[in-house]
Amino acid sequence: MIGSVVWALMCATWRERLSRPLVIGIYVVLCASQVMMAVAGRELSTPVLAITLIFGAGIVGRDVSSGTLALVFTRPVQRSTYVIAKWLAAGTAASGLSMTTVVVQAVVLASRGAGVPGAEIVDMLAESLTLAFGLSSLVVLFSVLVPGIGDVGLWLLLISLGQFAGSRVPLRVAEEWRALLLPSLTWSATLGSSPVAWLPLVSYASTVAGCLCLATLAANRKELSYASG
Amino acid sequence: MNGAIEVDGLGKTYRRAKKSALTNVSLQIDAGEIFGLVGPNGAGKTTFMACMLGLLFPSTGHILIDGRPPDDLAVRRATGYLPERLQFDRWMTGRAFLDLHHCLAGLPASHRIGEVTALLQRVGLEPAHWLSPIKKYSRGMLQRLGLAQALIGSPRFLFLDEPASGVDPAGVLAFREILTDLGRGGTTIVLNSHQLDQLERVCDRVAYIEAGAIRHVENLRSAEAGRRVLLVRWLANDAMPAEARAAAVARQLAATVVDIAPGNGRFAVADDAQAAALLRGLVDGGVAVVEAAPESGRLERLFRSDAGKQA
């Protein structure tokens with residue numbers, strides 16, 4: 001039963017996001033510009049950061065602001081199930097769209113006789129996948145905490161704060177701050193290496209799990225009623 | 001306490017608010033009862049309903065529904081809710097919206113098409129609109145869709161916040177019929193509405209809430225509930241004054257004459273039977289009755305008197 005509820009919430013989220021012409025328009029522009037940059041620079045890049053932020057903006061906060069979340073939470077749905085479904089929806093959509101863009105770039109480059117090594121493609125796909133799911137967990141946490149699309153605003157504020165304070169704090173702290181706000185993995189540096197680099201893997205998994213646990217905790221404590229304003 | 005819904009010493013204070021939204025609210029609602037909430041805007045009715053739905057957490061006291069806390073999943077499986085502000089997923093079609101909530105309610109997918117179709121028909125939403133995006137729905141259509149959503153899974157507990165708001169007259173009648181049927185079927189209904197006549201027609205009891213506290217609970221099914229003043233109007237062109245005949249009939253049937261003027265009179269009657277007897281007596285006595293109506297509803301009188309006391 002939980003599986004069908006998660007799937008229903010994921011489908012509803014995808015359809016809601018993809019029903020917005022603005023989201024589709026931005027994705028098409030991003031994809032086209034990435035392909036053009038790849039052709040010009042002869043190297044792959046992934047739009048995963050922008051796509052995750054666009055797709056994830058207000059993924060919970062908008063449901064809170066519109067009042068639809070109150071209706072969902074009167075159903076026999078665990079709030080943790082809702083949080084997981086939103087994370088999976090954002091992660092799968094952002095990674096799917098980003099990975100498609102990477103594959104398109106690779107195909108275009110190959111067709112122009114500038115084939116990209118397979119390991120580089122795998123690295124880029126792995127980064128798209130892990131950053132999409134990692135950043136989505138952070139966006140879902142922020143989205144539970146702040147209404148509307150304040151989640152993206154909060155993320156931008158924190159990342160700017162890191163940039164601003166970068167030169168004033170120890171390098172290690174700045175790196176950890178960045179890893180926390182941009183949780184991702186590269187295939188060659190972790191699973192592809194021998195022996196397997198467990199530290200970044202565990203660090204990534206704990207960041208994602210921590211964000212989802214905190215998001216569930218915050219969702220469980222969240223009060224929902226238009227009377228509460 | 002052993003009611004279907006038990007509220008004991010409920011208090012709710014919002015973090016940023018200076019005063020309590022609810023203070024020491026206690027009541028018991030029986031299984032199968034239709035219970036109304038009435039009161040001025042900002043009285044705490046919606047807060048009270050949100051606490052009963054487990055969407056707001058009480059600051060003091062507790063609520064039990066069927067012996068369990070409101071946020072227990074077993075309670076949620078047996079609960080339906082129609083919010084006042086219908087901000088549904090506007091991009092969805094009405095049918096897709098009900099399909100989603102049918103799934104969220106944990107009901108079998110194999111029953112989905114049949115049950116959703118039956119609900120759409122029950123609330124009178126025209127089939128032509130079933131596959132239209134919700135953003136194209138009128139307020140009345142939204143209300144019908146909202147009620148269909150609340151009825152998914154045949155809930156034993158139904159919480160309705162202004163269910164007939166914005167609905168056309170045919171819809172109001174249909175809603176009343178549905179609520180009456182549900183009440184007869186044993187569904188416990190909590191109804192928040194400003195429409196006093198609607199509440200009076202369907203509710204068994206009504207609580208008057210003001211400033212976060214229950215001031216009064218009126219039992220509309222008690223014997224004294226029938227007591228009212230009837231305003232009767234008749235043709236005043238008879239040779240013998242109809243007023244004298246009307247007064248005589250009223251005295252004969254032990255109804256109290258409140259006042260009589262040419263062409264109309266007001267009579268206090270104890271119950272429906274006495275009202276019917278009085279009207280029959282007037283007609284049989286040669287009074288050309290053209291209209292008879294209660295002077296004002298019982299809830300209206302209650303609301304006026306309670307509001308007057310607070311003023």
Side-chain angles (χ1 to χ4, degrees), chain A residues 1-24 58-86 89 147-148 216-229, chain B residues 12 14-17 21-22 42-57 70-92 96-97 99-109 133 135 146 149-150 152-153 155 157 159 161:
Chain A
M1 185 222 156
I2 289 177
S4 61
V5 168
V6 168
W7 180 248
L9 287 170
M10 284 172 69
C11 291
T13 306
W14 290 331
R15 290 174 63 189
E16 187 266 329
R17 294 289 141 149
L18 298 176
S19 71
R20 294 170 187 269
L22 185 67
V23 172
I24 300 290
I59 196 157
V60 178
R62 292 176 83 113
D63 282 0
V64 175
S65 303
S66 70
T68 55
L69 190 57
L71 210 52
V72 171
F73 282 175
T74 57
R75 296 288 172 202
V77 176
Q78 295 274 14
R79 296 189 180 193
S80 55
T81 305
Y82 173 83
V83 166
I84 296 289
K86 288 292 180 178
T216 301
L217 203 67
N220 280 333
R221 293 172 60 85
K222 198 162 193 70
E223 293 195 308
L224 295 160
S225 169
Y226 44 82
S228 62
Chain B
K12 176 66 189 171
Y14 293 113
R15 268 175 291 177
R16 285 186 287 272
L22 292 173
K45 304 185 297 295
T46 298
T47 298
F48 185 33
M49 195 171 266
C51 286
M52 285 192 281
L53 285 160
L55 296 174
L56 293 177
F57 308 129
D71 56 358
D72 190 294
L73 291 192
V75 173
R76 296 224 186 278
R77 273 185 212 103
T79 300
Y81 168 49
L82 171 64
E84 182 186 2
R85 294 181 198 171
L86 301 167
Q87 300 288 346
F88 300 148
D89 308 84
R90 295 170 58 80
W91 55 274
M92 276 189 184
F97 174 71
D99 284 344
L100 172 65
H101 278 269
H102 192 275
C103 176
L104 296 181
L107 299 168
K135 63 186 169 198
Q149 171 276 138
I152 284 174
F157 301 95
F159 296 87
D161 205 348

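None of these values were measured; they are calculated from a predicted model. Computed from heavy atoms alone, side chains included, the values below leave out hydrogens, waters and symmetry copies. Numbers restart at 1 for each chain; the letters A, B, ... are given by sequence-line order, proteins then strands.
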Please determine whether side chain to side chain contact (heavy atoms under 4.5 Å, CB included) holds for the pair A:Val64 and A:Lys222, giving the CA-CA distance in whole Å, both sets of side-chain angles, and the decisive distance to 0.1 Å. CA-CA 10 Å; A:Val64 175; A:Lys222 198 162 193 70; 3.8 Å; yes
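In terms of heavy-atom pairs under 4.5 Å with chain A, the best-connected choice from B:Leu53, B:Leu55, B:Ile152 is B:Leu55. Options A:Glu16, A:Arg20, A:Gln78 differ in how many heavy-atom pairs under 4.5 Å they form with chain B, and the most are formed by A:Glu16. Note: A:Thr74 leads A:Leu69, A:Thr74, A:Asp63 in heavy-atom pairs under 4.5 Å with chain B. Annotation: maximal heavy-atom pairing with chain B below 4.5 Å, among A:Ser66, A:Cys11, A:Ala8, occurs at A:Ser66.
For B:Leu104, the parts sitting under 4.5 Å from any heavy atom of chain A are the backbone and the side chain alike. Of the atoms belonging to B:Phe97, it is side-chain heavy atoms, and not backbone ones, that fall under 4.5 Å from chain A. Contacts of A:Ser19 with chain B are made by side-chain atoms alone, with heavy-atom separations under 4.5 Å and no backbone atom involved. Heavy atoms of A:Arg79 lying under 4.5 Å from chain B belong exclusively to its side chain. With a 4.5 Å cut-off on non-hydrogen atoms, A:Arg221 touches chain B through its backbone but not through its side chain. Contact of B:Met49 with chain A is not made at all, since no heavy-atom distance falls under 4.5 Å.
Here A:Trp14 and B:Trp91 keep their ring centres 6.0 angstrom or further from each other.
The 12-atom threshold is exceeded at CG of B:Leu73, counting heavy atoms of other residues, nucleotides or ligands nearer than 6.0 Å. Open room surrounds CZ on A:Arg15; 12 or fewer heavy atoms of other groups in view lie less than 6.0 Å from it.
A salt bridge does not link B:Lys45 to B:Glu84: none of the charged side-chain nitrogens sits closer than 4.0 Å to a carboxylate oxygen.
In this structure a side-chain-to-backbone donor-acceptor pair under 3.5 Å is present from A:Ser65 to A:Gly148. Counting only distance, with no hydrogens or angles, the side chain of B:Arg76 and the backbone of A:Phe73 share a donor-acceptor pair below 3.5 Å.
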